[in-house]
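So you know, we letter chains A, B, ... as the sequences are listed, proteins then strands, and number each from 1. From a predicted model like this one, the values you see are computed outputs, not experimental measurements.
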Amino acid sequence: MERLGVDGRGTSVNVDANRSVVCDLNAKYISYLHDCCDVSSTTFNLHEIDFLRIQAILAKMQMELRAELVLLISRSGQPIVISGSAANIDCTALASLAAANLAATDGLANIVGEREFSVLVHQGRQRSLFISDLLKRFSLVLVFDASASSGMVRYKCKRTTQLLEDVIRDFQKRMENANSFADSPQFSDEELEELLGQ
Amino acid sequence: MTFINYVAREINCKIVYYGPGLGGKTTNLQYIYQITSVENKGKLISLATETERTLFFDFLPIDLGQIRGFRTRFHLYTVPGQVFYDSSRKLILKGVDGVVFVADSQEERVDANLESISNLAQNLKEHGFDLEKIPYVLQLNKRDLPSAMPLEDMKQQLLVKGEPVIEAVATQGVGVLTTLKAVARQVLVELRKSA
């Protein structure tokens, strides 16, 4: 698979800057992670109402772009909602590798003094891959026919990302207002023992 | 970040195997892969160098069974143990729910174990986690080697907070499942505690 390009957004920084500036950027990057990506949140609950909203958004984009597969994944590498035929693609592995890919790209951005590279495009002979950040906690992953226009893919993804951000913010807000763990699966010690006993 | 999918009735958790280079992290995953039935595991992905050293990570999704009607799916990751891959190690810890530290029992690896635990604590901190609070298991691997240090000495050196300590010989599968279940138990208890 040939890597075509990486698109960056964020503060422009002189990459020739000296080491102390880079260290400063590292600190800012870490602080930025803490501020906005909520990486240490312990649980994320997906209920049917949110699932259906997200699936409708993904399905619309999938249809418009005639994409093979569209996934919303967590930045820790778990597939959350999938739209499309996944018969010949291992979505669990795809989600894990896409998240790692985006994380590695973030690391690269940090090294060259960028805040982030929020979009990744890999173009192959038959299939291409588009990976985009979503609120630093999720990612949008598209598998599409290599003949599709990458400009159109970017445009549609940008719109879709905005719609998804609204949905995610909405249910994050709901989780904050309610007790986010109130409906976590409750199980007894005996059930745990039955699952993990020797 | 534990992900509870109420639509698919799944609990998804991320476990990271951490530790010094050549300590047996990948061997743990390989053994789990070998003994898990096809319907309860996904592909084992290894991003390794041409000499089979982990370059970025190994990944294995497994299903440990059902609890209260929810499938428990654990995504197991290893990190590259070699010191100079620190950036990669840091990335893999993103969204982690539980950590297994695979220590090398050989006397000559004492410093490597200590350095790696210190590195783990630092990298967790950068992601907003605290080693003192996160589900954590200490696996003492390579117990079969003649140069393996006494158990008590290793505990004295490596224990962080009274975590479960499991003696293992990962190449033979000894202690591998016990380790996995010990960390899975802590993760699920933590999830229940949050309720």
Heavy-atom nearest pair, A/E48 first then B/V7, reads CA-CG2, 3.6 Å
Check the hydrophobic clustering (I, L, V, M, F, W, Y; side-chain heavy atoms under 4.5 Å; chains of links allowed) and say if A/Y155 and A/L140 are grouped together.
-> yes
Which answer fits B/L47, side chain, backbone, both or neither, if we ask what part of it has an atom under 4.5 Å from a heavy atom of chain A?
-> side chain
Check whether more than 12 heavy atoms from other residues, nucleotides or ligands sit under 6.0 Å from atom CD of B/Q156, and answer yes or no.
-> no
Output the distance between atom CG (B/D97) and atom OG (A/S76), rounded to the nearest 0.5 Å.
-> 7.0 Å
How many angstroms lie between CG in B/N12 and CZ in A/F44, if you round to the nearest 0.5 Å?
-> 10.5 Å
Establish whether A/L135 and A/V119 are linked, either directly or via other cluster members, by ILVMFWY side-chain heavy-atom contacts under 4.5 Å.
-> yes
Nearest heavy atoms of B/L91 and A/A103, plus distance in Å | CD2-O, 3.3 Å
Answer with side chain, backbone, both or neither: which region of B/T72 has an atom nearer than 4.5 Å to a non-hydrogen atom of chain A?
-> side chain
Pairwise distance CG(B/N5) to CD1(A/I80) - rounded to 0.5 angstrom | 8.5 Å
Distance, nearest 0.5 Å, that separates OG of B/S87 from CD1 of A/I111 | 5.5 Å
May I ask you to check whether over 12 heavy atoms, not counting those of A/E64, lie within 6.0 Å of atom CD?
-> yes
Take A/D189 and B/R192, measure what salt bridge (charged side-chain N to carboxylate O under 4.0 Å, His left out) needs, and give me the verdict at the end.
-> CA-CA 10 Å; A/D189 287 344; B/R192 187 178 61 179; 2.8 Å; yes
Atom group of B/I11 that falls short of 4.5 Å from chain A, counting heavy atoms | side chain
Step-by-step side chain to side chain contact (heavy atoms under 4.5 Å, CB included) determination, A/L195 to B/Q66 | CA-CA 7 Å; A/L195 178 73; B/Q66 287 207 5; 5.8 Å; no
Sort B/I45 into side chain, backbone, both or neither according to what part of it lies under 4.5 angstrom from a heavy atom of chain A.
-> side chain
In terms of heavy-atom contacts, does CD of B/E107 have more than 12 from other residues, nucleotides or ligands at under 6.0 Å?
-> no
When clusters are formed by joining ILVMFWY residues with side-chain heavy atoms under 4.5 Å apart, either directly or through shared neighbours, do B/M154 and B/V160 land in the same one?
-> yes
Kindly give the heavy-atom pair with the smallest separation between A/G77 and B/Y77, and that separation in Å.
-> CA-OH, 4.1 Å
Same apolar cluster: B/L114 and B/V79, side chain cutoff 4.5 Å = yes
Which is it for A/E193 and B/R185 under the salt bridge (charged side-chain N to carboxylate O under 4.0 Å, His left out) test, yes or no, and what are the steps along the way?
-> CA-CA 9 Å; A/E193 199 51 44; B/R185 181 185 301 270; 3.1 Å; yes
Spacing of A/S188 atom OG and B/R68 atom CZ [to the nearest 0.5 Å] | 6.0 Å
Begin from the C-alpha positions of B/F3 and A/N45 and carry the test side chain to side chain contact (heavy atoms under 4.5 Å, CB included) through to its verdict.
-> CA-CA 6 Å; B/F3 165 44; A/N45 297 340; over 6 Å; no
Atom OG1 in A/T92, atom NZ in B/K43: separation rounded to 0.5 Å?
-> 10.0 Å
Residues, nucleotides or ligands: over 12 heavy atoms within 6.0 Å of A/K60 NZ | no
Hey, does B/F57 have a side-chain heavy atom less than 4.5 Å from the side chain of A/S96?
-> yes
Take atom CG in B/L145; do more than 12 heavy atoms of anything else shown fall under 6.0 Å from it?
-> yes
Indicate if A/V121 and A/L72 have the same hydrophobic cluster label, given that clusters are the connected sets of ILVMFWY residues with side-chain heavy-atom separations under 4.5 angstrom.
-> yes
Verdict with supporting geometry, A/L46 and B/Y6, side chain to side chain contact (heavy atoms under 4.5 Å, CB included) | CA-CA 6 Å; A/L46 180 71; B/Y6 285 84; 5.8 Å; no
Under 4.5 Å from a heavy atom of chain B, the part of A/L52 involved | neither
